[in-house]
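What follows is a set of notes on a single structure, which appears directly below.
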Number of protein chains: 2
Amino acid sequence: MITKRVPSETIGRLFRYFRSLSCLLRKGEEIVSSKTLAEVCHIKPATVRKDLSYFGEFGTRGVGYDAASLINKIKKIIKLDKKINVALVGIGNIGRALLKHSTFELEGFKIVMAFDNSPSKIGDTVGNVMIEDAANIRERIESSGIHLVILAVPDYATSKVANVLQLAGAKSILSFSPCGLSMPADIQVTCIDLSVEMARLVYNSCVDYREKV
Amino acid sequence: MITKRVPSETIGRLFRYFRSLSCLLRKGEEIVSSKTLAEVCHIKPATVRKDLSYFGEFGTRGVGYDAASLINKIKKIIKLDKKINVALVGIGNIGRALLKHSTFELEGFKIVMAFDNSPSKIGDTVGNVMIEDAANIRERIESSGIHLVILAVPDYATSKVANVLQLAGAKSILSFSPCGLSMPADIQVTCIDLSVEMARLVYNSCVDYREKV
DNA sequence: CCTACTTTGTGATTGTGTTCACATTCACAT
DNA sequence: ATGTGAATGTGAACACAATCACAAAGTAGG
């Protein structure tokens, strides 16, 4: 397959299509058009079609897409045909919330390992996962073959832990600290920065609307 | 001031500049160049300069930017010269984590009100905030003049609550449910969708690197 | 006051992602 | 068969954001 360059936003949308299609299918809609899917996802039909077209021709002209088979195609594309095992480092407020967050498992992700360095937490079990000593991160992650790690440690510890993760062979990191990570190019990093998001909302609510009127 | 169209990413970066500048200033760096700031933020100097240039000329050629005064300018621009009061709806795992998340307050945001509809939670105090009955959301938010609301309720309740928030006069919503919100254009909505982020990481860690080599 | 050096501010360029608009293809009725 | 209507798939156009590259404006030293 000659992979044209796929916009990175497209991948995120594919996941949302996957979610919406599952939902539509449960409601009994076996055939779905780009129009329907677009409405559910609040985007334009053309975007749906283009996103899918990067990976092949999955629809039938004049008809639409077969929901069940499209779901499978998308699962393959985004590598979610198998459950993804995830490790979590940092069992503070956010870490604990994520461990209890049952939705992940429904969507193909499973937190199978959790670490903290506080003796008072090590050994506890939160949401079916026992908290292990952070000192063992490298060894445990390396031997388990986990590629995706969620990082929810305090800011000052972030880059130190990130380095260990790199040594442990992690391929992707989802971090909740304001990104200060400089990782090699073969390691994917995404930062969730709530303050930044709120700052943008505040700014836009003062400015954006004015323009649209 | 003639406001050219400002990229929305720019606003997010301004907040990060604000953060980094505060840090540099504490370390005693009173004058900061676009190069320095760019290094700290892991972006290019030209981006820093262009971002700032949308709002005026804040630097001195041949020298750089005065950290203290630039911080103030940025604060004004992104409306963070005053603390922003925030309401939180939904005290589940994530909601509770956010209430305890002390960093917000350091960065200019303060959760001053929290709601849930579970009788077992109403009346509890988490992180200095008392949980109120969700039935009072509209009245309380309307009368308090809060514009920014964090939404951390289960998926099925999201759009119902969002409608109430709209009536209550909220201007911006930060939601943790997979976006199904269709709000009028004058209400800003940002969704944090962890599954989507993880799906992108998984995909990219399989594909992206191959191309870069 | 002039020269060498530094760093800003920005028009022009490049790059990336979204949207349009239409030819193509399929189902179905006649 | 053949025509009609519906929905896909996609090159081209557009919109937006990042980056370059250089003129302008400052400092410092003699």
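Protein chains get the first letters and strands the later ones, always in sequence-line order, with residue 1 at the start of each.
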Please determine if A:Arg19 and B:Asp193 form a salt bridge, counting it only when a charged side-chain N lies under 4.0 Å from a carboxylate O. yes
Whole-Å distance separating the NZ atom of A:Lys44 from the C1' atom of D:dA15: 12 Å
Would you kindly give the CD1-to-C1' distance between A:Ile43 and C:dC20, to the nearest whole Å? 15 Å
Shortest non-hydrogen contact from A:Ala199 toward B:Ile11: O-CG2, 4.3 Å
Does the protein touch nucleotides 21-30 of chain C at the base, only the backbone, or not at all? Give it as B, S and - per nucleotide, heavy atoms under 4.0 Å. B--BBBS---
What pairs with B:Arg138 under side chain to side chain donor-acceptor pair (under 3.5 Å), at least two apart in sequence or on another chain? none
Are B:Tyr65 and C:dG9 close enough that a side-chain N or O sits under 4.0 Å from OP1 or OP2? yes
Would you confirm whether B:Ser20, through its side chain, and B:Tyr17, through its main-chain N or O, come within 3.5 Å as a donor-acceptor pair? no
Could you check how far OH of B:Tyr54 sits from P of D:dT19, rounded to whole Å? 12 Å
Pair up each side-chain donor or acceptor in residues 25-37 of chain B with any protein partner under 3.5 Å, not counting sequence neighbours, and list the distances.
| unit_1 | atom_1 | unit_2 | atom_2 | d |
| --- | --- | --- | --- | --- |
| B:Ser33 | OG | B:Lys35 | N | 3.3 |
| B:Ser33 | OG | B:Thr36 | N | 3.2 |
| B:Ser33 | OG | B:Thr36 | OG1 | 3.0 |
| B:Ser34 | OG | B:Arg49 | NH1 | 3.1 |

Protein-nucleotide distance (A:Leu52, atom CG; D:dG9, atom C1'), rounded to Å: 10 Å
Sidechain N-carboxylate O distance under 4.0 Å for A:Glu9, B:Arg200: yes
When you measure from every atom of DNA chain D, which of residues 14-41 of chain A have a heavy atom less than 4.0 Å away? A:Ser33, A:Ser34
Excluding sequence neighbours, so at least two apart, what forms side chain to side chain contact (heavy atoms under 4.5 Å, CB included) with B:Thr60? B:Val63
In residues 192-202 of chain B, which ones come under 4.0 Å of DNA chain C, going by heavy atoms? none
Watson-Crick or G-U counterpart of C:dT30, or none if no pair lies under 3.5 Å: D:dA1
Atom CD of B:Glu57 and atom C1' of C:dG11: how far apart are they, to the nearest Å? 14 Å
Any sub-3.5 Å donor-acceptor pair from A:Ser143's side-chain atoms to A:Glu139's backbone N or O? yes
List the steps and the verdict of salt bridge (Lys or Arg N to Asp or Glu O under 4.0 Å) for A:Asp51 and A:Arg13. CA-CA 8 Å; A:Asp51 283 341; A:Arg13 281 194 298 266; 2.6 Å; yes
Kindly assign one of parallel, tilted or perpendicular to the pair B:Phe109 and B:Phe15, based on the angle between their ring planes and the thresholds 30° and 60°. tilted
Looking at side-chain heavy atoms only, is the closest gap between A:Ile84 and A:Leu148 below 4.5 Å? yes
How close or far is atom P of D:dA18 from atom CG of B:Asp51, stated in whole angstroms? 7 Å
How many whole angstroms separate atom NZ of B:Lys50 from atom P of D:dA18? 11 Å
Value in whole Å for how far the P atom of D:dG9 lies from NZ of A:Lys73: 10 Å
